[in-house]
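The structure appears below as structure tokens.
Read the numbers this way: they start at 1 and go in the same order the structure lists the ligands and their atoms.
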Amino acid sequence: MELRKKLIIDTDCGSDDAMAIAMALRDPRYEILCFTTVTGNVDARQAAQNTLFTIEEAGSYEPPVYLGCETPLLVPFVGAMETHGQDGMGDMGLVPKRLKVSEGNGVLKIAELLRESEPGEIDIITLGTLTNIALAMRLFPDEMRKVGRIVMMGTAGLGTGNVTPVAEFNIWQDAEAAKIVFEFGVPLMAVGWDACIDDAMLEQEDLDRLISSGPLGKVMVECNRVLMSLNRERFGRDCLDMADPAAMAAALCPECIAECDDYYCEVETAHGIAYGGVLVDYYHFSGKPANCAVCSRLNPSVYKDYIFRTLGA
Ligand code: RIB
Ligand code: CA
């Protein structure tokens, strides 16, 4: 059997993270060494409980979950409860039945796993703010330089922000951390929010297929019910912009990618109207070398088929 690619997944597990986590757990080509949680959608402790619930629901193997940083580096925690619910999972009372958070700090665990790895052996996928990754880079630069690549759900890609006209939430909730990550110098791919909307939006027929496929597909849609009601207002119909599943698909199933190019990217940390925006130097005005591959569009049918295949729908 071909060696499985090793992954660390860092998450602020809200309801769209949950779908992405279940997808990754059920793709046999990858081995998730651990999950680390970070404050973003909800606080890192709640994100850990949501991750444990999702691992149980996915019915696959059960990697350890470690608690990471519980506050952004400098800015206050705001969260995204209006999008994912107070508990991050649609306020349905979804709790793990059996699994517990593992002993040890998530940032230290990332460094430990990389220290023990061969260069390039482990990829990191981030689904939340970049606080843990930034701290690992500051505290353990030699270890972090051994990472294969970091694939993030983050930035507005080549489109509009989702918390301000220019800023996407994962960057906006800790732009100082994001600046550290973008300037560190390891291979990065940022999957922008624009990759999960328009023709990549999960529409009613997609949602019906997931709901009718069984308990996992059903709960992965239902836990996104707060986002669904928000979208009824924002887009005028039942639909789900699944940002983390889009990033997971781009990371684990590159055939899903329709547009992805290398650009010089810079994070705005000045506390003005553009805070948390990531300037993508599309026309190379800066003359600076590219530091990030920006994935701005997925192939809708390939992407959705990947979701259905991994979730058993
Ligand atoms: O902007 C969308 C991102 O912010 C997703 O990762 C969502 O879970 C929140 O973390
Ligand atoms: Ca997330």
Side-chain angles (χ1 to χ4, degrees), residues 8-24 35-44 46-51 53-54 65 68-69 72 75 77-90 106 124-133 150-175 177-178 181 189-197 200-202 220-221 223-228 230-231 234-235 239-251 267 275-278 294-296 298:
I8 293 170
I9 297 179
D10 190 68
T11 177
D12 61 341
C13 195
S15 52
D16 65 321
D17 303 64
M19 187 183 287
I21 288 168
M23 289 160 61
F35 293 94
T36 52
T37 69
V38 67
T39 288
N41 283 320
V42 289
D43 69 74
Q46 181 64 53
Q49 293 305 308
N50 297 342
T51 304
F53 168 81
T54 303
V65 176
C69 203
V75 295
F77 166 55
V78 173
M81 286 70 83
E82 79 292 337
T83 304
H84 300 277
Q86 292 305 311
D87 68 0
M89 294 285 276
I124 297 176
I125 298 175
T126 69
L127 305 176
T129 55
L130 291 166
T131 316
N132 287 341
I133 308 307
I150 297 172
V151 180
M152 69 179 77
M153 191 284 131
T155 84
L158 303 180
T160 178
N162 60 5
V163 278
T164 75
V166 294
E168 176 278 322
F169 177 82
N170 284 339
I171 308 296
W172 176 85
Q173 177 63 90
D174 196 342
V181 175
M189 176 193 282
V191 181
W193 188 60
D194 50 354
C196 78
I197 53 178
M201 186 79 86
L202 297 194
M220 287 296 113
V221 173
C223 74
N224 278 286
R225 65 183 185 174
V226 176
L227 175 59
M228 189 90 83
L230 201 66
N231 284 351
R234 186 159 54 169
F235 298 104
C239 58
L240 288 178
D241 48 311
M242 290 283 91
D244 292 329
M248 194 60 76
V267 182
Y275 176 82
V278 176
V294 176
C295 174
S296 56
L298 298 180

Between Ile133 and Ile124, is the side-chain contact (heavy atoms from CB on, under 4.5 Å) condition met? List the steps. CA-CA 9 Å; Ile133 308 307; Ile124 297 176; 3.9 Å; yes
What verdict does the side-chain hydrogen bond (donor to acceptor under 3.5 Å, both in side chains) test give for Asn41 and Asp17, after you've listed the backbone C-alpha separation in whole Å, the side-chain angles of each residue and the deciding distance to 0.1 Å? CA-CA 10 Å; Asn41 283 320; Asp17 303 64; 3.1 Å; yes
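For the Ca ion (ligand 2), the tally of protein N/O/S atoms lying closer than 3.0 Å stands at 5.
Using a 4.5 Å heavy-atom threshold, the side chains of Val75 and Trp172 count as separate.
Applying the side-chain contact (heavy atoms from CB on, under 4.5 Å) criterion to Ala24, with sequence neighbours excluded, gives Ile9, Ile32, Met248, Leu252. Residues forming a side chain to side chain donor-acceptor pair (under 3.5 Å) with Asn231 (at least two apart in sequence, or on another chain): Arg234, Asp241.
Looking only at distances, a side-chain donor or acceptor of Asp194 sits under 3.5 Å from a matching main-chain atom of Leu158. Remark: the backbone N or O of Pro72 is not paired with any side-chain donor or acceptor of Thr131 at under 3.5 angstrom. No donor-acceptor distance shorter than 3.5 angstrom exists from the side chain of Asn224 to the backbone of Leu227, with no hydrogens or angles considered.
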Using a cut-off of under 3.5 Å, which N/O atoms of ligand 1 pair up with protein N/O atoms, and what distance separates each pair?
unit_1   : atom_1 : unit_2 : atom_2 : d
ligand 1 : 1 (O)  : Asn162 : ND2    : 2.8
ligand 1 : 1 (O)  : Glu168 : OE2    : 2.5
ligand 1 : 4 (O)  : Asn170 : OD1    : 3.2
ligand 1 : 6 (O)  : Leu127 : O      : 2.8
ligand 1 : 6 (O)  : Asn170 : ND2    : 3.0
ligand 1 : 6 (O)  : Asp244 : OD1    : 2.6
ligand 1 : 6 (O)  : Asp244 : OD2    : 3.0
ligand 1 : 8 (O)  : Asp16  : OD1    : 2.5
ligand 1 : 8 (O)  : Asp16  : OD2    : 3.3
ligand 1 : 8 (O)  : Asp17  : OD1    : 2.9
ligand 1 : 8 (O)  : Asn41  : ND2    : 2.9
ligand 1 : 8 (O)  : Asp244 : OD2    : 3.0
ligand 1 : 10 (O) : Asp12  : OD1    : 3.3
ligand 1 : 10 (O) : Asp12  : OD2    : 2.8
ligand 1 : 10 (O) : Asn41  : OD1    : 3.4
ligand 1 : 10 (O) : Asn41  : ND2    : 3.3
ligand 1 : 10 (O) : Asn170 : OD1    : 2.7

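For the side chain to side chain donor-acceptor pair (under 3.5 Å) test with Thr36, the passing option among Thr126, Asp10, Thr11 is Asp10; the others fail.
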